[in-house]
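Notes follow once the structure below has been shown.
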2 protein chains.
Amino acid sequence: MVRKTKEEAGVTRCHIIEAARRVFLECGVGRTSLEKIAAAAGVTRGAVYWHFKNKTELFFAMREEAVLPFLDRVVFDSADDDPLGGIERAIHEIIRILIDQPRTRETFDILTFKCEYVDEFSPMVACTEGQLDFLDRLTDAYGRARERGQLRLPADPQALAYDTFLFIGGLIRHWLAATADQPFRVDAEAFIRTHIALRRA
Amino acid sequence: MVRKTKEEAGVTRCHIIEAARRVFLECGVGRTSLEKIAAAAGVTRGAVYWHFKNKTELFFAMREEAVLPFLDRVVFDSADDDPLGGIERAIHEIIRILIDQPRTRETFDILTFKCEYVDEFSPMVACTEGQLDFLDRLTDAYGRARERGQLRLPADPQALAYDTFLFIGGLIRHWLAATADQPFRVDAEAFIRTHIALRRA
DNA sequence: GTTTATACAAACATGAATGTATGTAAATAG
DNA sequence: CTATTTACATACATTCATGTTTGTATAAAC
């Protein structure tokens with residue numbers, strides 16, 4: 001047993017989180033044992049219990065890693081000359097992130113399909129603060145689009161934001177569930193264009 | 001040990017399915033043991049194993065009971081004078097079903113939040129045949145709406161159907177996740193009206 | 001340079017869930 | 001009326017996962 005330096009221990013911790021993500025994705029959170037995670041990370045359960053209190057804590061550590069950078073990347077520029085186009089670009093950006101960030105995609109996949117929202121996980125079903133914040137910023141963006149006369153009337157920014165929010169929720173879910181050759185992946189960009197075209201003046 | 005008549009056995013079977021639904025909803029499918037279900041149904045595991053091969057089979061039996069009647073109730077009348085209104089009414093009907101059919105609502109809740117789509121459950125992530133059929137009928141309805149000049153242009157029925165399909169998916173999910181006093185429940189009807197208004201000529 | 005805390009591996013104890021096998025009283029078939 | 005199946009309850013065997021405890025080599029603190 002060669003004791004690791006502090007830096008090496010950090011690496012081990014990362015390996016465990018990566019392994020957890022892979023196993024969660026394959027087995028589902030409920031059917032994932034810490035033994036499976038440890039094996040996938042090339043360590044023993046001892047290492048896992050050293051870095052994390054239990055599976056739940058490990059799960060939330062994994063989630064944090066992917067969700068926070070995600071929200072940072074989807075932004076609406078309030079000084080944008082073309083707010084409606086900005087909304088469209090933001091939605092395209094969401095799909096782009098799912099395509100080229102495997103960790104984010106896998107984490108969303110786990111959160112959407114491989115996790116049961118009961119007991120310690122049940123608080124997660126409600127809209128997160130991040131989601132509500134997103135809704136607010138979306139409403140603002142539609143407000144600016146209306147000021148610029150980009151929207152066909154009647155155009156209540158709040159109502160439009162909710163419609164778009166629900167659209168995005170459905171889109172992410174079906175995009176994740178689809179295989180690479182199915183409509184929800186192939187035509188996602190077209191769906192986004194249609195969605196925005198419906199509200200353009 | 002009083003042996004039951006064939007009819008009584010059928011009742012027992014129903015009780016087990018009802019109990020399973022309740023426990024699935026509370027504990028999640030993965031954390032639900034057959035012992036819990038049996039206790040909730042007032043029988044022993046022996047009875048459960050007599051009527052069902054295992055938890056998976058019981059789960060699918062429960063699902064079937066709720067999903068089939070649901071699809072039957074959401075229909076588009078192809079002879080409707082007002083196809084676009086028909087689409088709107090169909091979406092309202094979905095929410096109506098969730099409100100006044102607890103079994104359907106609870107089953108959808110389980111399917112959406114209390115079940116991990118791995119192994120024997122993974123086929124369920126893909127769009128079901130029922131959903132694809134719904135999409136087709138939705139496309140047809142939009143086609144008829146276009147013929148009647150109800151849609152603002154450009155109006156590709158297929159594209160509109162997908163946008164509505166994604167909207168409905170998001171709506172159901174957030175409606176289920178919300179508490180009775182939150183926007184996604186309180187304003188669901190308004191969201192539906194907005195969604196349809198966006199495509200009206 | 002000694003002490004102490006760290007980063008694990010290995011062993012242990014416990015509990016829970018599963019599937020199966022067996023028992024049985026009464027319904028039902030003949 | 002007897003034989004057989006049905007509809008369960010009960011008991012058993014086995015497998016896993018969990019959390020904790022102990023051991024230990026070494027990095028780091030002093």
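Nothing here was measured: the structure is a model prediction, and the numbers come from that model. Proteins get letters first, then strands, A, B, ... in listed order; numbering begins at 1 in each.
When rounded to the nearest whole Å, the span between NE2 of H51(B) and C1' of dA9(D) equals 13 Å. Separating the NZ atom of K4(B) from the P atom of dT24(C) is a distance of 19 Å, rounded to the nearest angstrom.
Smallest separation of non-hydrogen atoms from Q150(A) and D82(A): NE2-OD1, 2.6 Å.
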| task | Determine, for nucleotides 16-22 of chain C in 5'-to-3' order, which nucleotides have protein heavy atoms under 4.0 Å from the base (write B), from only the sugar-phosphate (write S), or from neither (write -). | result | -SBBB--
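Classification of the H195(A)-F167(A) ring pair by plane angle, with boundaries at 30° and 60°, yields parallel. The aromatic rings of F191(A) and F184(A) stand perpendicular to each other, their planes meeting at an angle above 60°, with 30° marking the opposite boundary.
The side chain of W50(B) approaches dC8(D) more closely than any other nucleotide in the set dA27(C), dA9(C), dC8(D).
Of the listed residues (H15(B), R22(B), R21(B)), just one forms a side chain to side chain donor-acceptor pair (under 3.5 Å) with E18(B), and that residue is R21(B). Among L111(A), L98(A), L176(A), L25(A), the single residue meeting the side chain to side chain contact (heavy atoms under 4.5 Å, CB included) criterion with E106(A) is L25(A). Considering R105(A), R63(A), M62(A) as possible partners of I110(A), the one that fulfils the side chain to side chain contact (heavy atoms under 4.5 Å, CB included) test is M62(A).
Under the ring-ring contact (aromatic ring centres under 6.0 Å, His included) criterion, F121(A) pairs with F59(A), F60(A), sequence neighbours left out.
The CD1 atom of I99(A) sits 12.0 Å away from atom CD1 of I94(A), with the distance rounded to the nearest 0.5 Å.
Using a 4.0 Å cut-off, no side-chain N or O of T5(B) falls inside it from OP1 or OP2 of dA26(C).
Residues from residues 7-17 of chain B with heavy atoms under 4.0 angstrom of DNA chain D, sorted by number: A9(B), T12(B).
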